[in-house]
Every structure is written in C-alpha cells, then in structure tokens.
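This report concerns only the one structure given below.
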Amino acid sequence: MKLLNTAVRIFRRDLHSVGIIGAPFSKGQPRDGVQLGPDVIREAGLVKKLEGQGCVVKDYGNLIFEDVSNDEPIGRTKQPRVVGLANKQVADAVQRVKNDGHTCVMLGGDHSLAIGSIHGHAAYRPELSVVWVDAHADINTPLTSPTGNIHGQPMSYLIRELCTKIPVLPNFSWIKPCIAAQDVVYIGLRDVDPEEHHILKHLGIKTFCMTEVDSLGIAKVMEQMCDHIFSKIKKPIHLSYDIDALDPSVAPATGTPVIGGLTYREGIYITEYVCQTGLLSAVDVVEVNPKQAKREEEARFTANVAVDLVLGCFGRVREGSHAADYKIPDP
C-alpha cells in the first residue's frame with residue numbers, strides 16, 4: 001500500500017506539468033501530409049482538454065525545420081541529411097522541455113522523429129524504458145531496410161547493441177545509442193520485416209504482437225510489460241505511440257495502415273496503464289496524416305483519437321467521455 005501511495009503522488013505531480021512540442025516533419029517517409037499532424041491534433045482541442053482535466057500545459061509551438069539541398073541517398077537510406085538535422089532539433093527541444101520540469105509530449109510528424117525525441121529524453125534521464133506501440137517494429141538498420149525510409153529505422157539508431165550495425169551517415173554523428181535492448185517493449189506489432197524479426201529475436205527484445213494481444217488480453221499484456229521493464233529497477237518511461245498501432249477502422253488517416261490492429265479501448269488502455277505507473281516521462285504521438293483520409297470525417301476522427309491517447313497518458317477517466325461518439329460515418 002505504501003508503494004501504491006508513492007506511485008499516486010508521482011502521478012499527481014506529473015499530471016499538472018505537460019510540455020508540448022510540435023514537429024511538423026515528413027521527410028522520414030514518402031507520403032505528404034504527415035507534417036500537418038501537430039496542428040490537426042491541436043485543432044482537435046488537445047490543450048484545452050488537458051487543462052480541463054487539471055493539467056498545467058505549456059505549448060512550445062512547432063519547430064521550424066530547414067530543408068537540405070542535394071540530399072542524395074546514402075546506399076538505400078533516403079534523405080539522411082534532412083532527417084539527421086531535424087532530429088537534432090527535436091532532441092534539443094525535448095531536452096529543454098525536460099529541463100523545464102515537464103512531461104514532454106512530442107506531436108509528429110513521422111516516426112523517424114523518435115530518434116531525436118528519445119535521444120533528447122535520454123540526455124536528461126540517461127536510463128530509460130521505451131514502450132513502442134506500433135504496427136511496425138521500426139528497427140531496420142540502414143543496411144537491412146527494404147525501402148530506405150528512415151521512419152522504419154529509428155530504433156536501430158538508439159539501441160546500444162546495434163551500434164556496430166549502423167554505417168556512417170551525414171548529420172547523424174551526434175547520435176549516441178542510449179537505450180538497452182532489455183529496456184524496450186513493443187506492443188501491437190503485425191507487419192514486421194524478416195530482417196526485423198531476426199534483430200528482435202537476436203537481441204531478445206520483448207514484443208507483444210497482435211496475436212498475443214488477442215490471446216492474453218490487453219490487461220495481461222500491460223501487466224507483463226511492467227513485469228519486464230520493472231524487473232530490476234524502475235526507470236522513467238518513454239512512450240512512443242504510432243497512430244497506426246490502432247486498427248484503420250479506429251485511425252484511418254495514417255500513411256501505413258495495417259488491418260487487425262488495436263481497438264480504441266485497447267489503445268486507450270495502454271496509455272491509462274502507463275499513466276498509472278507514475279513513471280511516464282515523455283510521449284510521442286506520430287504518423288497522423290490528414291491527407292491520407294478518404295473523407296474529412298476520417299481526418300477529424302483520427303485527430304480526436306490522437307487527443308484521447310494523450311489525455312489517457314495524463315489521467316483522463318473514460319466515464320462520461322465522448323469515446324462512444326467515435327464512429328466514422330458510412331460513405
């Protein structure tokens with residue numbers, strides 16, 4: 001009981017201190033529109049709703065990213081210079097938000113931005129646990145990636161055990177691997193490349209694919225996640241949440257949707273459970289792309305779900321929420 005009370009006190013402290021960074025960046029992948037994610041999430045009422053549930057919120061606005069001319073591929077890896085430069089900006093911004101005493105919320109943009117977000121977080125808190133909620137493992141190296149898109153590679157730059165597998169890339173020299181494989185947990189996987197399967201198995205990374213979510217149930221998945229990441233020492237949690245972890249019926253406006261994903265309730269439960277640990281220290285919400293929506297309602301629907309994910313991270317109680325209203329109209 002004493003431990004529970006301590007966790008609640010930590011949670012209450014973090015609840016009232018949220019720092020938001022917008023990262024309108026799309027160059028880690030080929031689809032236009034994901035750079036609009038931060039603004040559509042804000043327009044869905046993020047700040048007002050956070051304040052409505054008791055949080056003190058500081059919105060740091062959107063980062064402004066420089067373009068890079070002649071950003072030719074290095075091997076298969078596309079646009080490395082602009083992605084490396086953008087992630088350095090994100091890392092510096094996240095570290096600044098953490099130094100200011102906030103739980104950081106980074107709104108993407110594509111998932112390549114997690115390189116900077118986690119790196120900046122680790123610069124402030126060197127020992128982190130990472131909970132990666134995604135349909136994809138995003139752990140290809142530049143040498144294994146079938147597409148060369150860096151949004152499918154961010155974890156490979158961050159995990160210490162993979163440092164010898166990463167070639168030299170322009171504007172990436174600032175990155176120092178900062179996460180141990182044993183401190184990473186994946187939830188929601190269902191579209192993993194063969195090379196990624198090999199990496200995950202070789203490193204012994206804890207994964208919960210959708211088959212395991214179905215067989216265990218999301219509550220058991222989250223219990224086992226905590227048993228794993230807290231088996232030795234309780235470290236701050238960095239939650240990196242790709243909206244495509246959710247089923248396309250729940251979040252259709254995203255660039256790489258994969259059927260068979262998390263339900264709305266499962267997706268929100270993850271954020272609520274992480275919140276209740278009292279150890280959430282930073283959150284990424286990425287890959288909301290309104291231009292991938294077939295209708296305006298789909299874009300608005302996806303942005304509303306993204307807001308609810310963030311609210312779940314900071315203590316929202318679902319009783320009386322508008323979740324039941326989230327149904328995409330028939331065409």
*Applying side-chain hydrogen bond (donor to acceptor under 3.5 Å, both in side chains), name anything that partners H119, two or more places apart in sequence or on another chain.*
none

*Hey, quick one: are L36 and V90 part of the same hydrophobic cluster, counting side-chain heavy atoms closer than 4.5 Å, chains of contacts allowed?*
no

*Is the shortest heavy-atom distance from the side chain of P167 to the side chain of L143 under 4.5 Å?*
yes

*Pairwise salt bridge (charged side-chain N to carboxylate O under 4.0 Å, His left out) hits with a residue in residues 250-274, at least two apart*: E272-R318

*With a 4.5 Å heavy-atom cut-off, do I229 and I237 have their side chains touching?*
yes

*Taking C-beta and beyond as the side chain, do P80 and V83 meet within less than 4.5 Å on heavy atoms?*
no

_side-chain contact (heavy atoms from CB on, under 4.5 Å) evaluation trace for V56 with V18_ = CA-CA 6 Å; V56 173; V18 182; over 6 Å; no

*To the nearest 0.5 Å, what is the distance between SG (C55) and CG (L46)?*
9.5 Å

*Consider only side-chain heavy atoms of I, L, V, M, F, W and Y, link residues closer than 4.5 Å, and tell whether V192 and M210 are in one cluster.*
no

*Check the pair I159, I205 against side-chain contact (heavy atoms from CB on, under 4.5 Å), reporting the backbone distance first and the verdict last.*
CA-CA 11 Å; I159 293 177; I205 292 176; 3.9 Å; yes

*asked:* Quick test of your reading: applying side chain to side chain donor-acceptor pair (under 3.5 Å), list the pairs with at least one residue in residues 202-222, sequence neighbours left out, ordered by first then second residue.
replied: none

_Spacing of S249 atom OG and F301 atom CZ [to the nearest 0.5 Å]_ = 7.0 Å

*Between R125 (side chain) and A123 (backbone), is there a donor-acceptor pair under 3.5 Å?*
no

*What pairs meet the side chain to side chain donor-acceptor pair (under 3.5 Å) rule with one or both residues in residues 151-167, with sequence neighbours excluded?*
H151-E287, Q153-Y157

*Report the C-alpha separation of I150 and F172 in whole Å, then their side-chain angles, then the decisive distance to 0.1 Å, and conclude whether the side-chain contact (heavy atoms from CB on, under 4.5 Å) test is met.*
CA-CA 12 Å; I150 298 179; F172 275 68; 3.9 Å; yes

*What heavy-atom pair brings L246 and G267 nearest, and what distance separates the two atoms?*
CD2-CA, 3.7 Å

*At their closest point, which heavy atom of A306 faces which heavy atom of V285, and how far apart are they?*
CB-CG1, 4.0 Å

_Note, V185 side chain near V130 side chain (heavy atom, < 4.5 Å)_ = no

_Nearest non-hydrogen partners of T302 and P252, listed with the distance_ = OG1-CD, 3.1 Å

*For E43, which residues count as a side-chain hydrogen bond (donor to acceptor under 3.5 Å, both in side chains) partner, sequence neighbours excluded?*
none

*Below 4.0 angstrom, N of the basic side chain to O of the carboxylate: do E51 and K48 qualify?*
no

*Once you round to the nearest 0.5 Å, how far does OG1 of T141 lie from CD of E195?*
8.5 Å

*Would a 4.5 Å heavy-atom cut-off, applied to side chains only, mark Y124 and V97 as touching?*
no

*Within a strict 4.5 Å, meaning less than it, do heavy atoms of the I218 and I270 side chains meet?*
yes

*If you round to the nearest 0.5 Å, how far is CG of L279 from OG1 of T103?*
10.5 Å

*With hydrophobic residues grouped by side-chain heavy-atom distances under 4.5 Å, do V34 and I41 end up in a single group?*
no

_Side-chain H-bond candidate by donor/acceptor type, Y241 with D134, under 3.5 Å_ = no

*Which residues satisfy the salt bridge (Lys or Arg N to Asp or Glu O under 4.0 Å) test with K176, sequence neighbours excluded?*
none

*asked:* Show the nearest heavy-atom pair for residues A44 and K49, with the distance to one decimal.
replied: O-NZ, 3.4 Å

*When rounded to the nearest 0.5 angstrom, what is the spacing between CG in L200 and OH in Y186?*
5.5 Å

*Between the side chains of D244 and T256, does any donor sit under 3.5 Å from an acceptor?*
yes

*With sequence neighbours excluded, what pairs up with D227 under the salt bridge (Lys or Arg N to Asp or Glu O under 4.0 Å) test?*
none

*Are I243 and I268 in one and the same hydrophobic cluster, where Ile, Leu, Val, Met, Phe, Trp and Tyr link if side-chain heavy atoms are under 4.5 Å apart?*
yes

*Short side-chain to backbone donor-acceptor contact, R190 and H136, under 3.5 Å*: no

*Hey, what do you get for NE2 (H238) to OG (S129), rounding to the nearest 0.5 Å?*
11.5 Å

*asked:* Once side chain to side chain donor-acceptor pair (under 3.5 Å) is applied, what residue pairs with a partner in residues 77-99 remain, sequence neighbours excluded?
replied: D71-R81, K88-D92, K98-S281

*Looking only at non-hydrogen atoms, find the nearest pair between Q35 and P38 and report the distance.*
O-CD, 3.5 Å

*Just jot down the salt bridge (Lys or Arg N to Asp or Glu O under 4.0 Å) partners of R42, sequence neighbours excluded, or say none.*
D39, D59

*With side chains defined as the heavy atoms from C-beta onward, is the minimum distance between K291 and R31 less than 4.5 Å?*
no

*For residues Q29 and T147, determine if any side-chain heavy atom of one lies less than 4.5 Å from a side-chain heavy atom of the other.*
no

_Quick check: closest heavy atoms across W132 and A137, and the distance to 0.1 Å?_
NE1-O, 4.1 Å

_Side-chain donor-acceptor pair present, D284, S240, cut-off under 3.5 Å_ = yes

*Looking at F230, is K232 sitting on its ring face, NZ or CZ under 6.0 Å from the six-membered ring centre and within 45 degrees of the normal?*
no

_Pair M222-M225, side-chain contact (heavy atoms from CB on, under 4.5 Å): steps then yes or no_ = CA-CA 5 Å; M222 297 308 294; M225 179 212 78; 3.7 Å; yes

_If the condition is salt bridge (Lys or Arg N to Asp or Glu O under 4.0 Å), which residues does E296 pass it with, not counting sequence neighbours?_
R300

*asked:* I'd like to know if L63 and L85 are part of one continuous hydrophobic network [Ile/Leu/Val/Met/Phe/Trp/Tyr, side-chain heavy atoms within less than 4.5 Å].
replied: yes

_Chi angles and distances behind the side-chain hydrogen bond (donor to acceptor under 3.5 Å, both in side chains) call for D247, Y264_ = CA-CA 8 Å; D247 191 79; Y264 173 88; over 6 Å; no

_With sequence neighbours excluded, residues passing side-chain hydrogen bond (donor to acceptor under 3.5 Å, both in side chains) with S112_ = D110

_Taking side-chain hydrogen bond (donor to acceptor under 3.5 Å, both in side chains) as the definition, give me every residue that meets it alongside D138, ordered by chain and number, with sequence neighbours left out._
H111

